[in-house]
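In what follows, a single structure is set out as structure tokens and then discussed.
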Amino acid sequence: MPELPEVEVVRRGLERWVAGRTVATAEVLHPRAVRRHLEGAEHFVADLTGATVTAAHRRGKYLWLPLARDGVATGRVLVGHLGMSGQLLVEKPSEPREKHLRARFTFTDGGRELRFVDQRTFGGLAVEDAGPAGLPGRLAHIAVDPLVEDFDVDAFAAALRRRHTEVKRALLDQTLIGGVGNIYADESLWRARLHGGRPTEKLTRAQVTDLVEGVQDVLRESLAQGGTSFDSLYVDVNGQSGYFSRSLAVYGQLDRPCPRCGTPIRRESFMNRSSYSCPTCQPRPRARRS
């Protein structure tokens, strides 16, 4: 599933190619694409037709586009989640339709159109009311990103200790820190020299600082390289893949040497998926006493 860098790359593309344009037509080609729009597909189309997209925002792994009519904000926003295979593509109208095209938007200027393509149909779009601060209600529970300028490390450290869980589980908790998924959790833990099973309540302030710096560094580096693409499902709005996968230290690197010490990378089962780490740099924590 796309994580913070991949979704931020898409947001930047939408800001460049879609913000400031007025929707001429909206077309829903698969009902699952708008299943989160509770009023139905026809209402979704009516909400967007004639509306102007004023900006492109992101919180965690979600995108939202504020809407206006006749230069006045409507208080409504188009919310998008890419799921496992969703793509928001900006295409010339003459380009052939994609096999898994689920929704399509044209604009009054006649330029490139916006297409929502989703092979597995786990992603989705919806138009809904924005909250007082402009944030859609369904996103209110998602914590702020670790890349915001005023990210509070002390507050994050205190929240970690209160959770009494494993540190990797905490990193994946979107109510605690936004946008981090399995790939970047493993990479950040490797940089901080922490095993994902380390109890959060036992982390020192220095360890939390190292962890936050590891998260921030790996997200920035991935963002600079367009995100991580393992296949053709993750692309930016122009259909281009990211190439941070070439820089991964541990994720997906089973039995390859650790870039820091040379020990073969291990894989462990975690929440029905895999965790990757270095046995030397990231020793398993001692078992908790009953």
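What you see is a predicted model; the values in this text were computed from it and never measured.
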Next item on the list: Apply salt bridge (charged side-chain N to carboxylate O under 4.0 Å, His left out) to the pair Arg58 and Glu8, showing each step before the final yes or no.
Entry: CA-CA 7 Å; Arg58 179 189 54 77; Glu8 174 62 17; 2.8 Å; yes

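- The backbone N or O of Ala249 sits less than 3.5 Å from a side-chain atom of Glu187, completing a donor-acceptor pair.
- Annotation for Arg161 and Leu203: closest pair NE-O, 3.4 Å, computed over non-hydrogen atoms.
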Next item on the list: Tell me, with the steps shown, if Cys258 and Ile265 meet side-chain contact (heavy atoms from CB on, under 4.5 Å).
Entry: CA-CA 6 Å; Cys258 168; Ile265 298 299; 3.9 Å; yes

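- Of the inter-residue distances, the one linking Gln174 atom CD with Leu176 atom CG reads 9.5 Å to the nearest 0.5 angstrom.
- Trp17 is listed as a side-chain neighbour of Arg112, based on a closest heavy-atom distance under 4.5 Å.
- Rounding to the nearest 0.5 angstrom, the gap separating the CD atom in Gln216 from the CG atom in Leu211 is 9.5 Å.
- Atom OG1 of residue Thr121 and atom CZ of residue Arg35 lie 6.5 Å apart, to the nearest 0.5 angstrom.
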Note to self: Could you go through Arg120 and Ser85, starting from their C-alpha distance and side-chain angles, then the distance that decides it, and tell me whether this counts as side chain to side chain donor-acceptor pair (under 3.5 Å)?
What the structure shows: CA-CA 6 Å; Arg120 300 175 183 173; Ser85 60; 4.9 Å; no

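- Using a 4.5 Å cut-off on side-chain heavy atoms (C-beta onward), Val144 and Phe156 make no contact.
- In the hydrophobic clustering of ILVMFWY residues, with side-chain heavy atoms under 4.5 Å counting as a link, Val215 and Val153 come out together.
- At a threshold of 4.0 Å, the pair Glu268-Arg284 counts as salt-bridged, since one of the basic side-chain nitrogens sits closer than that to a carboxylate oxygen.
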Item checked: From CA spacing to verdict: side-chain contact (heavy atoms from CB on, under 4.5 Å), Ile142, Thr175 -> CA-CA 5 Å; Ile142 300 176; Thr175 67; over 6 Å; no

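- Residues Arg36 and Arg138 meet the side-chain proximity criterion, which asks for heavy atoms closer than 4.5 Å.
- Checking each of Asp173, Asn182, Thr200 against Lys168 for a side-chain hydrogen bond (donor to acceptor under 3.5 Å, both in side chains) leaves exactly one that passes, namely Asn182.
- Among all heavy-atom pairs drawn from Asp145 and Phe151, the shortest one is O-CD1, 3.3 Å.
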Next item on the list: Mind running side-chain contact (heavy atoms from CB on, under 4.5 Å) on Leu67 and Thr54 for me, showing each step along the way?
Entry: CA-CA 6 Å; Leu67 304 173; Thr54 61; over 6 Å; no

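- Considering only heavy atoms from C-beta on, Leu147 comes within 4.5 Å of Arg220 through its side chain.
- Residues Tyr62 and Phe122 do not share a hydrophobic cluster, clusters being chains of Ile/Leu/Val/Met/Phe/Trp/Tyr side chains in contact below 4.5 Å.
- Pairing each heavy atom of Gln119 with each of Arg102, the nearest pair is O-NH2, 3.4 Å.
- At distances below 3.5 Å, at least one donor-acceptor pair connects side-chain atoms of Gln253 with backbone N or O atoms of Tyr251.
- At a threshold of 4.5 Å between non-hydrogen side-chain atoms, the residues Trp190 and Pro259 count as touching.
- Glu166 has a carboxylate O that lies under 4.0 Å from a charged side-chain N of Arg169, or vice versa, which qualifies the two as a salt bridge.
- Looking at Gln282, Arg266, His195 one by one, the single match for side-chain hydrogen bond (donor to acceptor under 3.5 Å, both in side chains) with Ser277 turns out to be Arg266.
- If you take CG on Asn238 and CG on Leu89, they are separated by 8.5 Å, rounding to the nearest 0.5 Å.
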Checklist line | Stepwise salt bridge (charged side-chain N to carboxylate O under 4.0 Å, His left out) check, Arg32 with Asp118 | finding: CA-CA 10 Å; Arg32 279 185 59 82; Asp118 192 1; over 6 Å; no

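- Both cation-pi conditions hold for Arg21 and Phe107: the charged atom is under 6.0 angstrom from the six-membered ring centre and inside a 45 degree cone around its axis.
- The main-chain N or O of Glu221 is never found under 3.5 Å from a side-chain atom of Asp217 such that the two would form a donor-acceptor pair.
- For the residue pair Ala56 and Glu15, the shortest heavy atom distance occurs at N-OE1, 3.1 Å.
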Next item on the list: Decide yes or no on salt bridge (charged side-chain N to carboxylate O under 4.0 Å, His left out) for Glu3 and Lys61, but give the supporting numbers first.
Entry: CA-CA 6 Å; Glu3 301 180 30; Lys61 304 174 187 179; 5.7 Å; no

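- Applying the side chain to side chain donor-acceptor pair (under 3.5 Å) definition to pairs two or more places apart or across chains, none involves residues 63-72.
- Phe270 and Ile183 end up in different hydrophobic clusters when Ile, Leu, Val, Met, Phe, Trp and Tyr side chains are linked at under 4.5 Å.
- In the hydrophobic cluster analysis, where Ile, Leu, Val, Met, Phe, Trp and Tyr join through side-chain heavy atoms closer than 4.5 angstrom, Leu65 is grouped together with Val28.
- The CD atom of Glu128 sits 8.5 Å away from the CG atom of Leu38 when rounded to the nearest 0.5 Å.
- Under the salt bridge (charged side-chain N to carboxylate O under 4.0 Å, His left out) test applied with Arg104, the options Glu27, Glu91, Glu98 reduce to a single match, Glu27.
- A 4.5 Å side-chain heavy-atom check between Leu63 and Val79 finds every atom pair outside the cut-off.
- Across Pro285 and Gly197, no two heavy atoms sit closer than the pair CG-O, 3.5 Å.
- Cluster annotation: Val77 is not connected to Leu14 through the hydrophobic network of ILVMFWY side chains, with a link wherever side-chain heavy atoms come within less than 4.5 Å.
- A salt bridge is absent between Asp255 and Arg267: the closest approach of a Lys/Arg side-chain nitrogen to an acidic carboxylate oxygen does not fall below 4.0 angstrom.
- Between the Glu6 side chain and the Thr228 main chain, a donor and an acceptor come within less than 3.5 Å of each other.
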Next item on the list: Output, in order, the C-alpha distance, side-chain angles, deciding distance and verdict of salt bridge (charged side-chain N to carboxylate O under 4.0 Å, His left out) for Glu213 and Arg191.
Entry: CA-CA 9 Å; Glu213 290 178 352; Arg191 294 185 182 216; over 6 Å; no

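- Between Thr204 and Thr209 there is no side-chain heavy-atom pair separated by less than 4.5 Å.
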Could you pull out all donor-acceptor pairs under 3.5 Å where a side-chain atom in residues 39-52 meets a protein atom, sequence neighbours excluded?
unit_1: Glu39; atom_1: OE1; unit_2: His37; atom_2: NE2; d: 3.2
unit_1: His43; atom_1: ND1; unit_2: His37; atom_2: NE2; d: 2.9
unit_1: Asp47; atom_1: OD2; unit_2: Arg76; atom_2: NE; d: 3.4
unit_1: Asp47; atom_1: OD2; unit_2: Arg76; atom_2: NH2; d: 2.4
unit_1: Thr49; atom_1: OG1; unit_2: Val45; atom_2: O; d: 2.7
unit_1: Thr52; atom_1: OG1; unit_2: Thr22; atom_2: OG1; d: 2.6

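- Annotation for Val218 and Ser188: closest pair CG1-OG, 3.3 Å, computed over non-hydrogen atoms.
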Notebook entry, point to check: Hey, mind stepping through Phe244 and Tyr184 against side-chain contact (heavy atoms from CB on, under 4.5 Å) and telling me if it holds?
Noted result: CA-CA 11 Å; Phe244 187 67; Tyr184 298 115; 4.0 Å; yes

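- Glu201 contributes atom CD, which lies 13.0 Å from atom CZ of Arg162 (distance to the nearest 0.5 angstrom).
- A 4.5 Å side-chain heavy-atom check between Leu189 and Leu171 finds at least one atom pair inside the cut-off.
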